[in-house]
Amino acid sequence: MAAADRELRIERLEAALRMASRELQWANLTIQKKDAEIQLLQERLRKQRIGFLGPGSETLSDLQLELLADDEPGVTRAEVEAESQREPIPAVPPRKRKPHPGRTPLPESLPRVEEVIACETNCKHCGGETRVIGYDLSEVLDREPAKWFVRVSKREKRSCGKCSAIQMPPLAPRIVEKGLASDRVVIETVVAKYCDHLPLYRQEAMLEREAGVEISRATLDGWVMRVGELLQPLVEAMRADLMRSSYIQADETIVPVQMHDNRGADHPAYLWQYGTPGGETVFDFQLGRGRDGPRKFLKDWNGILQTDGYQAYDQVGGPGLIHVGCWAHARRKFVDAVKVNPKDGAAIAMVTRMDALFLVDREARGQELNVEERSALRREHAHPWVDQIHSECRKLRAQLLPKSALGEAVNYTLNMWAKLRRCFDHAEVELSNNLAENSMRPVALGRKNWLHVGSAKAGPKVAAILSIVESCRRLGIPVKDYLLAVLPGMSQRKHSEIAQLTPARWMASRGRDC
């Protein structure tokens, strides 16, 4: 009986030990899970603080670059020896800064107004008469205040002495017929809002302060909407030209819209932007961010479309559309990981490898190579780095928490890999979509000033104005001169005439005339 009791106690003790072991394992797993959650929450908190208070630069500091020269913490000797067999990670050279030219000379094209400051006619030392032997010149930039005036047009009225018929010459076509403002004033109002981000209520106050004229915001808004209405057929011609190109970059940004439905809140509409590098760009207004926007704009277009990783650009266009990604977006994810963990050697190394890709294109620009020569330079120098980035990302994915900053960067890069890799398959494709992103900056700055679009019907007109303004900026065309040349009489022009007045064709015609 005693032996049986002893065996029973032993069995119970072993069962208790097994239970305690399972509980200990469970506790360890729980601790690891909590540690991972704490790490993720700390990263998110740090990322949020960096977003509010940190620098916006995506350039690594010298201290972070020096980490690449030292052994990374947690790396085994075998990994170090294996890494040493590879091509070394390049140190990113600083951009060459041009030497300071000194005092910038004023442009020769500006008119000169001379002012002669007379000297005393008698010598202050001996009292003898002096004579002019030369001038000491100094130049300063000056301006005259804006001059407001009322232009009075007097049309002759003539009566026929034979039949008593009365005739009078017609007025020149104007942007706002029977309006209080000239074409120049209307255009300057539009340019001030969409180039200089000056809301209409401020322009209203400036008119009253500087010219003593009270013009309501509603009237100013009517001028702006009239310009947008006249520009819509012109932008349609630009869109037709864009659809004939073989390479388009696209991006989108939010723009709040007043819906006038008594909700008291703006609707988050979107401006979609499509353009070619160095060419015109077209904005498309949509009330949503769904796939219907790019699908409607691109229709059956077949070409190379470069975007970020937003999925709405998938499954759009024709069957021959080639979708490529943006390396700047992939790099930005790793830069964010470095900001969260400044001493993360793996993230720093990945940013530096991607910098090597952009260094190749910078060298091509410095040598003024054409697209085919740049493609050859990429094959020689960039392709090895592309393969290494892919292999390193696959290794890191198995080691990282998927929701960590570095894990998210790795997952984004691998998920976008097919599109990123296609950038090197086509000579004309840029490595990044930054040109399209830069075209969105006026909208972002405008949101902080004019806040929102007045109505859903106004959205396409605002998009037309932004299309012209941004296309003129890209092409180096003075937007005021262009609008003054094409807007008056636009409503009477034929469709074939409008197609010849797009910014690119207008600039080309002026070049031929010169």
Report yes if the side chains of [X] and [Y] come closer than 4.5 Å at any heavy-atom pair, otherwise no.
| X | Y | result |
| --- | --- | --- |
| Ile248 | Trp301 | yes |
| Phe334 | Met354 | yes |
| Arg421 | His383 | yes |
| Leu483 | Leu231 | yes |
| Thr189 | Lys193 | no |
| Thr307 | Cys326 | no |
| Pro442 | Val469 | no |
| Arg397 | Asn411 | yes |

Give me the one residue out of Glu428, Gln306, Glu430 that meets side chain to side chain donor-acceptor pair (under 3.5 Å) with Tyr247.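 In the set Glu428, Gln306, Glu430, the residue that makes a side chain to side chain donor-acceptor pair (under 3.5 Å) with Tyr247 is Gln306.
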Reference residue Glu252; test side chain to side chain donor-acceptor pair (under 3.5 Å); the match among Gln273, Arg289, Gln286: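 Answer after filtering Gln273, Arg289, Gln286: Arg289.
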Shortest non-hydrogen separation from [X] to [Y] and the atoms involved:
| X | Y | answer |
| --- | --- | --- |
| Val371 | Ala427 | O-CB, 3.7 Å |
| Ala347 | Ala337 | CB-CB, 4.2 Å |
| Tyr412 | Gly309 | OH-N, 3.4 Å |
| Gly228 | Ile465 | CA-CG1, 3.7 Å |
| Trp385 | His381 | CD1-O, 3.3 Å |

Distance-only side-chain donor-acceptor flag, [X] / [Y], under 3.5 Å:
| X | Y | result |
| --- | --- | --- |
| His329 | Glu437 | yes |
| Gln367 | Glu363 | yes |
| Thr253 | Arg447 | yes |
| Arg331 | Ser432 | no |
| Arg379 | Ser375 | yes |
| Ser455 | Gln258 | no |

What residue among Val227, Val186, Leu234, Asp183 forms side-chain contact (heavy atoms from CB on, under 4.5 Å) with Leu487?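 Single side-chain contact (heavy atoms from CB on, under 4.5 Å) partner of Leu487 among Val227, Val186, Leu234, Asp183: Val227.
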Residue from Ile322, Ile304, Val429 passing side-chain contact (heavy atoms from CB on, under 4.5 Å) with Arg422: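 By the side-chain contact (heavy atoms from CB on, under 4.5 Å) criterion, Arg422 pairs with just one of Ile322, Ile304, Val429: Ile322.
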Atom pair [atom1] ([X]) and [atom2] ([Y]), whose distance is rounded to the nearest 0.5 Å:
| X | Y | atom1 | atom2 | value |
| --- | --- | --- | --- | --- |
| Asn438 | Glu470 | CG | CD | 8.5 Å |
| Met238 | Thr502 | CE | OG1 | 7.0 Å |
| Leu414 | Cys393 | CG | SG | 5.0 Å |
| Arg473 | Ser439 | CZ | OG | 5.5 Å |
| Tyr274 | Met243 | OH | CE | 8.0 Å |
| Leu321 | Leu298 | CG | CG | 7.0 Å |

Identify whether the distance between the nearest side-chain nitrogen and carboxylate oxygen of [X] and [Y] falls below 4.0 Å.
| X | Y | value |
| --- | --- | --- |
| Glu497 | Lys494 | no |
| Arg505 | Asp241 | yes |
| Arg378 | Asp425 | no |

Using a cut-off of 6.0 Å, state whether more than 12 heavy atoms not belonging to His260 lie near its atom NE2.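 Check passes, neighbour count above 12.
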For atom CZ of Arg295, decide whether the heavy atoms of other residues, nucleotides or ligands shown that lie under 6.0 angstrom number more than 12.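 Enclosed.
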Please assess Arg291 against Asp314 for the test side chain to side chain contact (heavy atoms under 4.5 Å, CB included), listing each intermediate value before the final yes or no. CA-CA 8 Å; Arg291 186 173 286 115; Asp314 296 335; 4.3 Å; yes
Would you confirm whether [X], through its side chain, and [Y], through its main-chain N or O, come within 3.5 Å as a donor-acceptor pair?
| X | Y | result |
| --- | --- | --- |
| Glu280 | Gly275 | no |
| Asp308 | Tyr310 | yes |
| Arg226 | Asp221 | no |
| Asn370 | Glu372 | yes |
| Ser471 | Ile468 | no |
| Asp266 | Pro256 | no |

Intermediate values then yes/no, side chain to side chain contact (heavy atoms under 4.5 Å, CB included), Leu200 and Trp450: CA-CA 8 Å; Leu200 295 181; Trp450 40 258; over 6 Å; no
Between Phe283 and Trp272, does the ring centroid distance fall short of 6.0 Å?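 Between Phe283 and Trp272, the centre distance exceeds or equals 6.0 Å.
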Kindly say whether the aromatic ring centers of Trp327 and Trp417 come within a distance under 6.0 Å.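 Ring centres of Trp417 and Trp327 closer than 6.0 Å.
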Side chain to side chain contact (heavy atoms under 4.5 Å, CB included) evaluation trace for Arg202 with Asn449: CA-CA 10 Å; Arg202 294 184 197 168; Asn449 291 275; 3.5 Å; yes
Decide yes or no on salt bridge (charged side-chain N to carboxylate O under 4.0 Å, His left out) for Asp387 and Arg353, but give the supporting numbers first. CA-CA 11 Å; Asp387 296 337; Arg353 291 185 184 103; over 6 Å; no
Please evaluate residues Leu357 and Val386 with respect to the criterion side chain to side chain contact (heavy atoms under 4.5 Å, CB included), reporting the C-alpha separation (whole Å), side-chain torsions for both, the decisive distance (0.1 Å), and the verdict. CA-CA 8 Å; Leu357 305 180; Val386 174; 3.8 Å; yes
